[in-house]
Amino acid sequence: MAALSKSIPHNCYEIGHTWHPSCGVSFVQITGGALEESLKIYAPLYLIAAILRKRKLDYYLHKLLPEILQSASFLTANGALYMAFFCILRKILGKFYSWSPGFGAALPASYVAILIERKSRRGLLTIYMANLATETLFRMGVARGTITTLRNGEVLLFCITAAMYMFFFRCKDGLKGFTFSALRFIVGKEEIPTHSYSPEAAYAKVEQKTEKHEEKPRRMNVIALIRKLVNSVNQKMHAFKYKCKHGPRHRCCKHYEDNCISYCIKGFIRMFSVGYLIQCCLRIPSAFRHLFTQPSRLLSLFYNKENFQLGAFLGSFVSIYKGTSCFLRWVRNLDDELHAIIAGFLAGVSMMFYKSTTISMYLASKLVETMYFKGIEAGKVPYFPHADTIIYSISTAICFQAAVMEVQNLRPSYWKFLLRLTKGKFAVMNRKVLDVFGTGASKHFQDFIPRLDPRYTTVTPELPIEFS
């Protein structure tokens, strides 16, 4: 592990902006590239979102452009201010420490940047970065030998997370908003939360009615009494034995048109199709990019292993959850919210078809957020007004620390995003010098040696180089 007290005397040109010796010019170049990429990211994103949400004309005329510019400014500031604080921190400290080129420069930059973004998006960004930072710290721990990996650990984490999500889904006022709507779409409206309902409760209601009528036997004649008894028996039989057109189902099951077996099979087919189509849509851009050069790649759009894996994951999750729920209703003869814990945990095993640490970590982070806000509503957890900005800043700083000192422990997709945002300039840092801190900073950059102008360096370069 890198010692925090270690330092190197190099300046910011030798380590950070190796493509130009001027801090100001480098800052302007980073800002311009980040702004261009930010607009490319947010313009289509907000436009598509507006179309899907069926926004009115007034939104397109007065709100769309300001929202795009605000989010683009946030992302631009995150990249540009990092470069600024990178140089400022070096001038203040007079040298570089193991934490200063990554965490130290990114912390104030990300804090200022998140304040520019709309409040409605800060929570989502915080959850994403907290998830990413947690995964990065885990990878760092594994690389240092302080954390031992657990086989299929992402599956186990997903099982626990799914169990808690489904329990909250079944509880009254357990989940709200998008999370509730998403789960309702996945598992179906038949599993919409209901109160616990048992046959004993049904019998109790029938017996109470019978007792009330028995209090006034003198007012009934014999024929009316017999008719009442027959109706009571029919009601009891109807209360406990339900049969649909295609086979038996339990009284507590709400899938009225299907028996329990066909209910589970239909759930699998439906979500398998959804997962398959989602994966196909994600592959459309790359497939059509090579439509004329490599037409055979168009077939991979439909016959791809990942398409079937995602479909099997979603389909089996729904079928296992529904099947377990129906089984528990038959065994216990009631519909209980606690069934969702068992059914959700077993359904989580479906991730074996589509293992994803990213999905597991993200859902676990969202679960922590949900439980935190529930604790606030219950008055058992204190509320921190600026928790989202602080968590975002620390999480982003952790990821930047990994991007500078140990790229091998950063999620590849986020590293590609940083390269895109900086026009590839994040990859031209002088990481060979940073190897002294013991994190293997140049592990993926062994062949890169920056072309530095000796007139602006504090330490003589190891190899003679040409410069213009």
Side-chain angles (χ1 to χ4, degrees), residues 1-2 4 8 10 12-19 26-27 29-31 33-34 37-38 41 74-90 96-114 125-126 128-144 357-358 361 391-448 450:
M1 181 179 292
L4 296 178
I8 53 178
H10 301 72
C12 51
Y13 167 55
E14 295 171 278
I15 302 296
H17 48 89
T18 59
W19 64 91
S26 301
F27 171 77
Q29 291 176 348
I30 290 292
T31 303
E37 291 300 323
S38 299
I41 292 172
F74 145 73
L75 194 56
T76 302
N78 219 335
L81 290 179
Y82 167 76
M83 189 76 264
F85 282 107
F86 183 93
C87 299
I88 292 172
L89 200 59
R90 166 60 178 81
F96 279 111
Y97 295 89
S98 62
W99 54 270
S100 58
F103 188 91
L107 184 63
S110 56
Y111 183 81
V112 175
I114 193 64
L125 291 168
T126 300
Y128 174 77
M129 291 308 302
N131 167 39
L132 183 60
T134 304
E135 181 182 338
T136 302
L137 290 174
F138 177 79
R139 295 189 182 197
M140 290 181 176
V142 173
R144 290 163 172 78
T357 304
T358 302
M361 295 291 293
I391 294 174
Y392 173 84
S393 304
I394 296 175
S395 301
T396 305
I398 291 173
C399 295
F400 270 71
Q401 176 72 11
V404 175
M405 302 298 296
E406 41 194 311
V407 179
Q408 62 274 14
N409 293 323
L410 186 65
R411 186 185 297 174
S413 60
Y414 190 71
W415 171 243
K416 292 179 181 178
F417 168 74
L418 291 179
L419 291 179
R420 178 184 177 184
L421 188 65
T422 60
K423 296 290 186 178
K425 290 182 171 59
F426 220 131
V428 298
M429 295 182 71
N430 192 0
R431 289 178 170 82
K432 282 188 177 294
V433 178
L434 300 176
D435 281 339
V436 68
F437 295 115
T439 58
S442 66
K443 184 176 180 180
H444 291 175
F445 307 90
Q446 293 294 332
D447 299 329
F448 174 73

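Position 1 is the first residue of the sequence; numbering continues from there. Note that the structure is predicted; figures quoted are calculated from it, not measured.
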Nearest 0.5 Å please: distance from the CG atom of D435 over to the CD1 atom of I8.
10.0 Å
Spell out, as yes or no, whether a donor-acceptor pair under 3.5 Å connects the side chain of T126 to the backbone of I391.
no
Taking S442 for its side chain and Q446 for its backbone only, find out whether a donor-acceptor pair lies under 3.5 Å.
no
Closest non-hydrogen atom pair between L410 and R139, with its separation:
O-NH1, 3.6 Å
In sequence, state the C-alpha distance, the side-chain angles, and the governing distance for M429 and T18, and then conclude on side-chain contact (heavy atoms from CB on, under 4.5 Å).
CA-CA 6 Å; M429 295 182 71; T18 59; 5.7 Å; no
Quick test of your reading of the model: are E37 and K423 salt-bridged, counting only N-O distances below 4.0 Å?
yes
Are the side chains of R420 and I41 in contact, using a 4.5 Å heavy-atom criterion?
yes
Given the side-chain rings of F400 and F85, with only the six-membered ring counted for Trp, is the space between their centroids under 6.0 Å?
no
Taking all non-hydrogen atoms of both residues, which atom of R431 and which atom of V404 are closest, and how far apart?
NE-O, 3.3 Å
Is a donor on one side and an acceptor on the other found under 3.5 Å between the side chain of T396 and the backbone of S393?
no
According to the interplanar angle, ranging from 0 to 90°, do the rings of W19 and H17 count as parallel (below 30°), tilted (30 to 60°) or perpendicular (above 60°)?
perpendicular
Please report the closest heavy-atom contact between S395 and A130, naming both atoms and the distance.
OG-CA, 3.4 Å
Would a 4.5 Å heavy-atom cut-off, applied to side chains only, mark F437 and L434 as touching?
yes
Can you say whether the rings of Y128 and Y414 are parallel (under 30°), tilted (30 to 60°) or perpendicular (over 60°)?
tilted
L89 versus W99: any side-chain heavy-atom pair under 4.5 Å?
yes
How are the rings of F86 and F96 set relative to one another: parallel (under 30°), tilted (30 to 60°) or perpendicular (over 60°)?
tilted
Nearest 0.5 angstrom please: L137 CG to E135 CD, how far?
10.5 Å
Distance check, rounded to the nearest 0.5 Å: S413 atom OG versus L418 atom CG?
10.0 Å
Any side-chain heavy-atom pair from V407 and F445 closer than 4.5 angstrom?
yes
Show your working on side-chain contact (heavy atoms from CB on, under 4.5 Å) between R144 and E406 and close with a plain yes or no.
CA-CA 12 Å; R144 290 163 172 78; E406 41 194 311; 2.8 Å; yes
Heavy atoms only: give me the nearest C399-T136 pair and the separation to one decimal.
SG-OG1, 4.2 Å
Regarding Y392 and N78, do their side chains bring together a donor and an acceptor under 3.5 Å, going by distance alone?
yes
The reported gap from CZ in F426 to CD1 in I30 (rounded to nearest 0.5 angstrom) is 9.0 Å
Could you walk me through whether I398 and M129 pass side-chain contact (heavy atoms from CB on, under 4.5 Å), step by step?
CA-CA 9 Å; I398 291 173; M129 291 308 302; over 6 Å; no
Are Y82 and L421 close enough, and set up right, to give a side-chain contact (heavy atoms from CB on, under 4.5 Å), and what steps lead you there?
CA-CA 12 Å; Y82 167 76; L421 188 65; over 6 Å; no
Taking C-beta and beyond as the side chain, do F138 and T134 meet within less than 4.5 Å on heavy atoms?
no
For A106 versus A397, what's the shortest heavy-atom pair and its separation?
CB-CA, 3.8 Å
Y97 side chain near S100 side chain, heavy-atom distance below 4.5 Å:
yes
Might you point out which heavy atoms bring A80 and T31 nearest each other, and give the distance in Å?
CB-OG1, 3.2 Å
Side-chain contact test, heavy atoms from C-beta onward, threshold under 4.5 Å: evaluate it for T358 versus L132 and give yes or no.
no
